[in-house]
Student: 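One structure follows; several queries about it will come next.
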Amino acid sequence: MSFWKMSTLQVSYARPSSASIRDANLYVSGLPKTMTQKELEQLFSQYGRIITSRILVDQVTGVSRGVGFIRFDKRIEAEEAIKGLNGQKPSGATEPITVKFANNPSQKSSQALLSQLYQSPNRRYPGPLHHQAQRFRLDNLLNMAYGVKRFSPITIDGMTSLVGMNIPGHTGTGWCIFVYNLSPDSDESVLWQLFGPFGAVNNVKVIRDFNTNKCKGFGFVTMTNYDEAAMAIASLNGYRLGDRVLQVSFKTNKAHKS
DNA sequence: TACGATT
């Protein structure tokens, strides 16, 4: 006896691959963290038919990163949405959003490969701090450097209850470091080279001007371990790179004021 | 060019 295994096929119309729908994908940043995907679609739907939408979230906390994508049916709709929404404040929002055409998602693997290479333990020069005594000394060193009694994440290492707490530099995926005074022609490799020796680097980013593609003078480095990040900061803040003196600190939430 | 983010 034989039988047929029944299965379900999903069927949909193919979208025409014409120029009219090419590059209709938008990248949106500066979104309120509370904005849902539905609300994002509602905001953009006035400009045309939305094919897909997405809000990027932190892998650990699940909270919005304030960044998302909207793909319209047609290029012209995306263009109109940029005109209408770029630099605008959604109702209830305190900050304006940025709306621009998205980059092609394919070509971004080389950085990830580099990331793996530089996380290889035998590249670490000072080495990770394993011992409680070293941690204690490091914490005191940092307290002296900051001139204040700091909150020490060391005492709660390994706990997951940090989620939602506002600790400078801490993100769901590591410790985020702000690096200022990079030269205009800097690229990611300089950040890997500077920070890699101190331990596990998850990610580096040089912030560039959209038009000139030159570095805007700063960047970010995310490191896995607090001790290593703290040691990198203590060592690299004030470091002279070429004719520039770097300023290195944990990332803060707000723009610099002074 | 003083705190991003590219599925």
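Within every chain, numbering begins at 1; the chains are lettered A, B, ... in the order of the sequence lines, protein sequences first and strands thereafter.
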Student: Do the side-chain N or O atoms of Lys205(A) get closer than 4.0 angstrom to the phosphate oxygens (OP1, OP2) of dT6(B)?
Tutor: yes
Student: What class does the angle between the rings of Trp175(A) and Tyr226(A) fall in, given that below 30° is parallel, 30 to 60° is tilted and above 60° is perpendicular?
Tutor: perpendicular
Student: Salt-bridge test for Glu77(A) and Arg71(A): reply yes if a basic N is under 4.0 Å from a carboxylate O, no otherwise.
Tutor: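 No, this pair does not count.
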Student: Compare the aromatic ring of Phe220(A) with the six-membered base ring of dA5(B) and state whether they stack according to the 5.5 Å and 30° rule.
Tutor: no
Student: Write down the distance between CG (Asn202(A)) and C1' (dA5(B)), rounded to a whole number of angstrom.
Tutor: 14 Å
Student: More 5' along DNA chain B: Lys251(A) or Gly217(A), using each one's nearest nucleotide?
Tutor: Gly217(A)
Student: Kindly point out which of dA2(B), dA5(B), dT6(B) is positioned nearest to the side chain of Ser29(A)?
Tutor: dA5(B)
Student: With respect to the side chain of Ile207(A), which nucleotide from dA2(B), dG4(B), dT1(B) is positioned closest?
Tutor: dG4(B)
Student: Among the nucleotides dC3(B), dG4(B), dA2(B), which one has an atom lying closest to any side-chain atom of Ser249(A)?
Tutor: dC3(B)
Student: For the side chain of Asn103(A), counting heavy atoms from C-beta on, which of dA2(B), dC3(B), dT6(B) is nearest?
Tutor: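 The listed nucleotide nearest to Asn103(A)'s side chain is dT6(B).
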Student: Please report, rounded to the nearest Å, how far the P atom of dT1(B) is from the CG atom of Asn213(A).
Tutor: 18 Å
Student: Atom CG of Leu191(A) and atom C1' of dC3(B): how far apart are they, to the nearest Å?
Tutor: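 Spelled out: CG on Leu191(A) to C1' on dC3(B) is 14 Å.
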Student: Where the side chain of Phe69(A) is defined as all heavy atoms beyond and including C-beta, which of dA5(B), dA2(B), dT6(B) is the nearest nucleotide?
Tutor: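 Of all the options, the side chain of Phe69(A) is nearest to dT6(B).
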Student: I want to verify a distance call: between dC3(B), dT1(B), dA5(B), whose nearest atom is closest to the Lys214(A) side chain?
Tutor: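 Nearest to the side chain of Lys214(A) among the choices is dT1(B).
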Student: Starting at atom CD1 of Ile97(A), determine the distance to atom P of dA5(B), rounded to an integer number of angstrom.
Tutor: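 In whole Å, dA5(B) P and Ile97(A) CD1 are 14 Å from each other.
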Student: Is any side-chain N or O of Arg54(A) closer than 4.0 Å to OP1 or OP2 of dT6(B)?
Tutor: no
Student: From the options dA5(B), dG4(B), dT1(B), select the nucleotide whose nearest atom is closest to the side chain of Arg65(A).
Tutor: dA5(B)
Student: Rounded to the nearest angstrom, tell me the gap between atom CD1 in Ile55(A) and atom C1' in dA5(B).
Tutor: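 Roughly 14 Å, once rounded to whole Å.
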Student: Tell me if a side-chain donor or acceptor on Gln247(A) pairs with a main-chain N or O of Asn181(A) at a distance below 3.5 Å.
Tutor: no
Student: Can you figure out which of dG4(B), dA2(B), dT1(B) approaches the side chain of Asn203(A) most closely?
Tutor: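 Ranking dG4(B), dA2(B), dT1(B) by closest atom to the Asn203(A) side chain puts dG4(B) first.
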Student: Using the side-chain heavy atoms of Phe218(A), tell me which of these nucleotides is nearest: dA2(B), dT1(B), dT6(B).
Tutor: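 The answer is dA2(B), which lies nearest to the side chain.
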Student: To the nearest angstrom, how far is Asn253(A) atom CG from dA5(B) atom C1'?
Tutor: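 Those two atoms, CG and C1', are 14 Å apart.
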Student: Does NZ or CZ of Arg75(A) fall inside the cone over Phe101(A)'s six-membered ring, less than 6.0 Å from its centre and within 45° of the axis?
Tutor: yes
Student: Applying ring pair (Phe, Tyr, Trp, His ring centres under 6.0 Å) to Phe178(A) and Phe250(A), what does each step give before you reach the verdict?
Tutor: CA-CA 6 Å; Phe178(A) 175 62; Phe250(A) 282 116; over 10 Å; no
Student: Atom CG of Leu182(A) and atom C1' of dA2(B): how far apart are they, to the nearest Å?
Tutor: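 My rounded result for the distance is 11 Å.
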Student: Reading DNA chain B from 5' onward, which residue's closest nucleotide shows up sooner: Lys216(A) or Thr222(A)?
Tutor: Lys216(A)
Student: Rounded to whole Å, please give me the gap between NZ in Lys100(A) and P in dG4(B).
Tutor: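 That distance rounds to 12 Å.
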Student: So Arg54(A) and Glu41(A), salt bridge (charged side-chain N to carboxylate O under 4.0 Å, His left out) or not? Walk me through it.
Tutor: CA-CA 9 Å; Arg54(A) 177 162 297 183; Glu41(A) 289 202 6; over 6 Å; no
Student: Nearest of dA2(B), dT1(B), dT6(B) to any side-chain atom of Thr212(A)?
Tutor: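 Selected nucleotide (nearest to the side chain): dT1(B).
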